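Everything on this sheet refers to the single structure shown next.
Numbered from 1 within each chain, the chains take letters A, B, ... in sequence-line order. Fair warning: this is a prediction, and the values are worked out from it, not measured in the lab.
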Protein chains: 2
Amino acid sequence: MTNNNEQAIDELKKIVKQKGLKYTEQREIVLKILLHAHAHLTAEEIYNQIKLEEPESNIGIATVYRALGFLEEVNLITSIVFGNDGKKYESNAKEHHDHLICTSCGKIVEFVDDEIEKRQDKIASKNKFKITSHSMQLYGLCSNCQ
Amino acid sequence: MTNNNEQAIDELKKIVKQKGLKYTEQREIVLKILLHAHAHLTAEEIYNQIKLEEPESNIGIATVYRALGFLEEVNLITSIVFGNDGKKYESNAKEHHDHLICTSCGKIVEFVDDEIEKRQDKIASKNKFKITSHSMQLYGLCSNCQ
DNA sequence: ATGGCTGCAAATGTTTTGCAGCAAG
DNA sequence: CTTGCTGCAAAACATTTGCAGCCAT
């Protein structure tokens with residue numbers, strides 16, 4: 001896991017260099033927060049966490065949004081939307097997975113199902129789509145909330 | 001299809017009565033727009049369409065939002081988020097389906113795969129979730145945009 | 001040194017809310 | 001009548017943008 005995280009940072013460095021852009025502490029911090037996060041975070045939550053954990057950085061919320069936009073564009077992170085507090089982000093360093101979401105308490109269970117992944121590819125090629133990503137959420141009530 | 005639509009309107013009447021609420025023209029108009037829509041509409045698009053098709057109704061955008069919230073809550077419509085123009089709504093009177101979305105031109109193909117539906121139920125019960133709905137989007141490039 | 005990146009504040013776009021009047025039950 | 005619903009305008013959010021200065025390269 002730590003290993004995956006270092007890989008992600010290296011990947012960021014590579015992408016930035018390759019695009020002729022600049023490597024800034026801010027983009028790295030945002031990515032690191034997501035690499036260590038145990039939940040899906042909103043831009044605001046990431047911003048607050050940075051102010052808490054790296055108070056000397058004096059980052060602005062706009063920069064967080066710009067970093068998130070950039071990181072998502074280069075596919076290092078992913079966003080999903082559910083509930084009422086805007087986009088939530090997670091790192092792509094974790095294995096790919098989908099989500100079971102409890103609509104009552106907000107609990108999220110991550111899962112992967114190879115069979116579903118295969119069918120998705122089949123459906124895409126049948127429709128002549130070239131898939132870049134997908135997002136699947138099952139909504140319902142978890143055992144505690146039923 | 002027309003049949004399904006009438007059913008949906010009846011369903012709305014039933015729900016409203018059962019909840020001791022009031023049956024208003026506005027909620028009906030919003031539902032009807034979605035029943036006849038051939039695409040996923042935003043609140044604003046629905047609002048504009050109403051002003052066009054029922055100019056005498058003098059509906060306000062806030063009412064459209066309130067109607068959409070209500071209709072989604074009672075499960076007559078569904079919202080999905082993609083692209084940059086907020087939530088998009090569609091009626092649930094159509095058969096259940098998932099979406100293939102072209103990230104370049106916005107084209108949407110709807111599909112259903114029984115095998116996937118079955119696996120989803122299996123995953124849910126394995127995790128002791130009681131599923132109420134799900135949402136699945138495959139993102140990529142359609143044949144024209146590759 | 002040069003051009004991308006940042007922080008700040010202002011602007012934008014979307015959705016929600018307070019309120020007084022209206023209308024369905 | 002009573003209470004939910006509506007339209008309007010203002011407010012609340014979430015996200016984006018313009019700009020002057022800063023900092024990687």
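Partners of A:His99 according to the ring-ring contact (aromatic ring centres under 6.0 Å, His included) rule, which considers only residues two or more places apart in sequence or in another chain, are A:His40, A:His97.
Protein atom CD of B:Glu44 is 13 Å distant from nucleotide atom C1' of C:dT12, rounded to whole Å. Going from atom CD of A:Glu28 over to atom C1' of D:dC23 covers 16 Å, rounded to whole Å. In this structure, A:Asn58 atom CG and D:dC22 atom C1' are separated by 13 Å, rounded to whole Å. Distance, A:Leu21 CG to D:dC23 C1': 15 Å, rounded to whole Å. Atom NZ of A:Lys22 and atom P of D:dT25 are 8 Å apart (whole Å). At whole-Å resolution of the value, CD in B:Glu25 and P in C:dA24 are 9 Å apart. Taking atom CD1 of B:Ile59 as the reference point, atom P of D:dC5 lies 14 Å away to the nearest angstrom. Across the protein-nucleic acid pair, B:Tyr65 atom OH and D:dA11 atom C1' stand 15 Å apart, rounded to whole Å.
Taking only side-chain atoms of B:Thr63, from C-beta outward, the nucleotide of D:dT25, D:dT15, D:dT6 with the closest atom is D:dT6. For B:Arg66, the listed nucleotide lying nearest its side chain is D:dG7; candidates were D:dG7, D:dT17, C:dG7.
Each of B:Gln120, B:Arg119, B:Lys122 was checked for a side chain to side chain contact (heavy atoms under 4.5 Å, CB included) with A:Asp113, and the lone residue meeting it is B:Arg119. The only member of B:Asp98, B:Val109, B:Leu100 that meets side chain to side chain contact (heavy atoms under 4.5 Å, CB included) when paired with B:Leu138 is B:Leu100.
Judged by the 6.0 Å and 45° rule, A:Lys88 forms a cation-pi pair with A:Phe82.
Residue B:Asn84 is classed as having no contact, given no heavy-atom separation below 4.0 Å to the nucleic acid. Residue B:Ile61 is out of contact with every strand shown, counting any heavy-atom pair closer than 4.0 Å. Contacts of B:Arg27 with the nucleic acid, taken as non-hydrogen atoms under 4.0 Å apart, involve only primed sugar atoms and P, OP1 or OP2. Within 4.0 Å of A:Asp85, counting heavy atoms only, lies no atom of the nucleic acid at all.
Nearest-nucleotide assignment on DNA chain C puts the 5′-proximal partner with A:Gln26, out of B:Gly86 and A:Gln26. Residue order along DNA chain C, read from the 5' end via each residue's closest nucleotide, puts A:Val64 first among A:Val64 and B:Thr42.
For the pair B:Thr24 and D:dC5, the criterion of a side-chain N or O lying under 4.0 Å from OP1 or OP2 is not met.
Taking the C1' atoms of five terminal pairs at each end of the helix from C:dA1-D:dT25 to C:dG25-D:dC1, the two resulting helix axes are inclined by 40°, rounded to 10°.
No path of Ile, Leu, Val, Met, Phe, Trp and Tyr side chains, each step under 4.5 Å between heavy atoms, connects B:Ile116 with A:Ile101, placing them in separate hydrophobic clusters. The same ILVMFWY cluster, assembled from side-chain heavy atoms under 4.5 Å apart, contains both B:Leu68 and B:Val16.
At least one donor-acceptor pair closer than 3.5 Å links the side chain of A:Thr132 to the backbone N or O of B:Tyr139.
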